[in-house]
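Each remark here refers to the structure printed beneath this line.
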Amino acid sequence: MSHVLSAVAWPYTNGPRHIGHVAGFGVPSDVFSRYMRMAGHDVLMVSGTDEHGTPILVLAEEEGLTPQQLVDKYNAVIAQDLTDLGLSYDLFTRTTTRNHYAVVQEMFRQVHANGYMVEQTTRGAISPSTGRTLPDRYIEGTCPICGFPEARGDQCDNCGNQLDADELIDPRSKINGETPEFIETQHFFLDLPALAGALREWLDGREASGSWRPNVIKFSKNLLKDVRPRAMTRDIDWGIPVPLPGWEDNPSKRLYVWFDAVIGYLSASVEWARRTGDAERWREWWNDPDAVSYYFQGKDNITFHAQIWPAELLGYAGRGDRGGEPGPYGELNLPTEVVASEFMTLEGKQFSTSRKHVIYVQDVVARYGPDPIRYFICAAGPENQDADFSWAEFVKRNNTELVAGWGNLVNRTASMIAKSFGEIPRAYEAHDVDDELLIAVADGFTTVGSLLERHSQKAALGEVMRLVGEANAYVSRTEPFKLKGDDQRERLSTVLHTLAQAVSDLNRMMAPFLPHASNRVHHVLGGEGELMPMPRLEVVRDLDDDTRTYPVITGEYSDTPRWQRVPVTVGATVGKPTPVFVKLDPEQVLADEHARLQPQTDEPATPTA
């Protein structure tokens with residue numbers, strides 16, 4: 001058993017999550033985490049809502065709320081969304097906790113003490129109409145390097161180069177289209193050039209491992225071609241104070257939201273440990289060099305997870321050109337792998353919340369349940385290339401794969417057992433056809449598990465569904481519905497026992513993908529309790545502020561079943577089943593859902609994480 005950190009991208013608290021978001025960070029991280037627990041690893045899955053930055057101020061003003069009221073509102077919505085999807089966080093928290101503030105400030109102080117946080121004069125952008133600072137990501141213009149017309153003020157998504165907002169050609173505010181003004185201001189910069197050698201050595205090692213997705217490692221290494229100091233403070237009054245004399249009490253200087261957000265992986269781990277009563281337990285995932293860590297997000301966040309966060313970790317440990325020593329958190333593990341998904345579009349166009357061309361998680365779960373959308377994301381999501389969600393494809397996969405394939409196998413097996421025996425029957429003499437099926441399905445634990453370890457979830461699910469097809473073919477070959485005579489009773493018992501074992505095995509393989517359905521299938525075959533533990537939403541008190549409470553996602557996952565065959569229980573009661581999945585009416589779904597989507601003009605992609 002090894003310690004596995006599953007570090008999941010922090011959704012921004014500017015609204016409910018749509019399916020493009022959870023296709024990038026949510027479902028893939030949960031499938032992986034659930035599988036790794038089943039494989040016997042000690043998994044810590046952490047995340048939370050990202051709640052600082054200028055966009056929060058802008059939206060709060062639009063909604064007539066204070067920034068804290070706004071993030072409280074959407075933190076609760078997002079936590080409910082992710083719980084309903086069944087994402088098995090050990091802790092899903094938020095960046096406005098006192099614990100998070102303390103961890104972030106400690107990281108800043110030590111990086112600064114080691115010489116990797118340097119003060120510089122820079123040109124900051126402000127809105128001429130409001131006087132408010134404009135964040136880099138709210139400024140758009142033409143890239144001076146490749147000519148891409150929709151480059152952002154922090155980087156160009158086309159060529160991947162880091163930019164400063166005042167370098168853009170014809171810069172404009174994405175809020176109101178006005179041309180920003182640039183003024184001189186003092187900020188702290190993370191000295192990436194002094195950490196570039198250590199970053200390159202780390203990335204070379206990751207490339208040599210062969211485990212990273214090719215597009216991710218290529219993009220990450222390209223970032224090293226133009227490494228410059230990067231501002232880690234902002235002119236803003238909503239965020240974490242800069243923990244240095246002369247800066248701490250400045251009401252208009254705060255740490256950059258992306259500096260504090262990535263530290264959330266560490267602060268959430270610390271908070272989780274404190275809540276368990278063993279405040280130092282987080283070190284098992286962060287200080288043990290044998291522990292591994294996987295970071296899940298959309299491709300638009302690769303820069304922050306393959307450059308900024310590793311640079312912060314290296315700077316904290318004093319592993320750059322200037323040397324230094326670790327602070328009280330010790331030498332913290334660098335990411336084992338950055339697992340970045342591509343983008344998902346909706347009916348061939350970019351998601352757009354402003355134009356209502358969007359499908360929110362809460363809506364799709366309320367109308368269809370979590371299983372069909374989880375299945376679609378795993379089978380057809382943006383794992384290693386951009387993908388499109390269409391309602392026609394959603395209905396097709398639900399009806400032909402979930403219902404007619406897997407659901408049909410479960411229901412026909414349980415129906416035949418219930419009708420003929422009322423319980424799981426015993427096996428008598430096995431024929432070659434019986435052994436062939438059980439061997440093929442048992443081998444699936446190795447094949448599917450290996451694919452899941454490598455984050456090849458589409459291929460893994462495809463292999464499970466191939467085995468489902470083998471089991472359905474077994475029914476056609478053995479024809480148990482024709483074994484009606486008394487002299488065929490033992491043969492019928494053996495065939496249905498074989499089917500029950502195959503369905504049970506396949507249900508375990510399906511469990512990381514479809515945990516809700518796996519519990520229902522478990523009950524259909526006479527199982528008791530939950531096969532797969534589910535997350536729960538709890539309201540907790542801030543560890544360092546007794547006046548404040550907030551919701552968290554947590555769970556107890558120690559009863560997660562093992563990734564292996566477990567013999568079915570002969571004699572377990574099996575009654576007449578109800579369908580595990582619901583067949584959808586294509587015409588009705590398409591008519592209803594297309595009516596909900598509003599026409600839109602083309603616009604830049606909405607980030608998926």
Side-chain angles (χ1 to χ4, degrees), residues 9-18 20-21 24 50-63 65 67 70-71 74 122-183 185 230-231 234-239 254 256-258 261 297-304 343 345-346 349-358 598 600-609:
W10 290 59
Y12 202 55
T13 46
N14 60 346
R17 296 301 87 183
H18 61 61
H21 291 128
D50 175 9
E51 302 184 353
H52 294 127
T54 302
I56 296 299
L57 296 175
V58 174
L59 186 59
E61 186 174 282
E62 290 176 0
E63 296 197 15
L65 301 172
L70 182 90
V71 298
Y74 288 120
T122 185
R123 278 159 51 83
I126 63 170
S127 165
S129 61
T130 67
R132 176 179 290 154
T133 301
L134 284 171
D136 295 338
R137 287 197 162 203
Y138 271 38
I139 303 173
E140 191 174 76
T142 300
C143 176
I145 298 172
C146 72
F148 182 60
E150 296 174 353
R152 296 195 311 263
D154 56 352
Q155 72 179 50
C156 175
D157 285 338
N158 184 59
C159 66
N161 282 290
Q162 178 184 338
L163 300 171
D164 291 324
D166 62 348
E167 293 179 306
L168 292 173
I169 300 169
D170 297 326
R172 57 194 175 276
S173 167
K174 293 180 69 175
I175 298 174
N176 55 20
E178 66 186 2
T179 300
E181 294 179 1
F182 293 94
I183 60 171
T185 181
R230 186 147 189 172
R234 287 293 187 270
D235 293 308
I236 186 176
D237 58 5
W238 173 247
R254 293 291 185 269
Y256 178 33
V257 61
W258 266 109
Q297 76 269 182
K299 66 180 179 181
D300 53 319
N301 290 341
I302 294 175
T303 300
F304 298 98
F343 287 140
T345 52
L346 170 58
K349 297 180 180 180
Q350 306 297 344
F351 280 85
S352 173
T353 55
S354 63
R355 297 177 186 274
K356 298 183 180 180
H357 188 78
V358 66
Q598 301 296 315
Q600 68 158 126
T601 57
D602 292 334
E603 62 176 37
T606 297
T608 56

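Keep in mind that the numbers below use all heavy atoms, side chains included, and drop hydrogens, waters and symmetry copies. Index from 1, following the sequence.
With values rounded to the nearest 0.5 angstrom, His357 atom NE2 is found 6.5 Å from Lys349 atom NZ. Rounding to the nearest 0.5 Å gives a distance of 7.5 Å between CG of Asp50 and CD1 of Ile56.
Under the side chain to side chain contact (heavy atoms under 4.5 Å, CB included) criterion, Glu181 pairs with Ile126, Pro128, not counting sequence neighbours. Partners of Asp237 by salt bridge (charged side-chain N to carboxylate O under 4.0 Å, His left out), not counting sequence neighbours: none found. Partners of Ser127 according to the side chain to side chain contact (heavy atoms under 4.5 Å, CB included) rule, which considers only residues two or more places apart in sequence or in another chain, are Ser129, Thr130, Leu134, Asn176, Glu178. Under the side chain to side chain contact (heavy atoms under 4.5 Å, CB included) criterion, Asp235 pairs with Thr133, Thr185, His187, Lys253, not counting sequence neighbours. In this view, Arg230 and Asp154 satisfy the salt bridge (charged side-chain N to carboxylate O under 4.0 Å, His left out) rule, not counting sequence neighbours. Taking the ring-ring contact (aromatic ring centres under 6.0 Å, His included) definition, one finds that Phe304 meets it with Trp258, sequence neighbours left out.
Between Ala151 and Leu163, the shortest heavy-atom distance links the atoms CB-CD1, 4.1 Å. Nearest heavy atoms, Pro55 versus Tyr138: CB-OH, 3.0 Å. The two residues Thr345 and Gln350 come nearest to each other via the heavy atoms CG2-OE1, 3.7 Å. Residues Thr13 and Val71 come closest through the heavy atom pair OG1-CG1, 3.3 Å. Between Gln297 and Ile302, the shortest heavy-atom distance links the atoms OE1-CA, 4.1 Å.
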Q) Are Lys299 and Phe343 close enough, and set up right, to give a side-chain contact (heavy atoms from CB on, under 4.5 Å), and what steps lead you there? A) CA-CA 7 Å; Lys299 66 180 179 181; Phe343 287 140; 3.2 Å; yes
(Q) Using side-chain contact (heavy atoms from CB on, under 4.5 Å), reason through Thr122 and Asp166 one step at a time and then give a plain yes or no. (A) CA-CA 10 Å; Thr122 185; Asp166 62 348; 6.0 Å; no
Q: Go through Arg254 and Arg234 one step at a time and tell me if the side-chain contact (heavy atoms from CB on, under 4.5 Å) criterion holds.
A: CA-CA 5 Å; Arg254 293 291 185 269; Arg234 287 293 187 270; 5.6 Å; no
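For the pair Val58 and Asn14, the minimum side-chain heavy-atom distance is 4.5 Å or more.
Of the residues Arg17, Glu63, Glu51, the one that meets the side chain to side chain donor-acceptor pair (under 3.5 Å) test with Tyr74 is Glu63.
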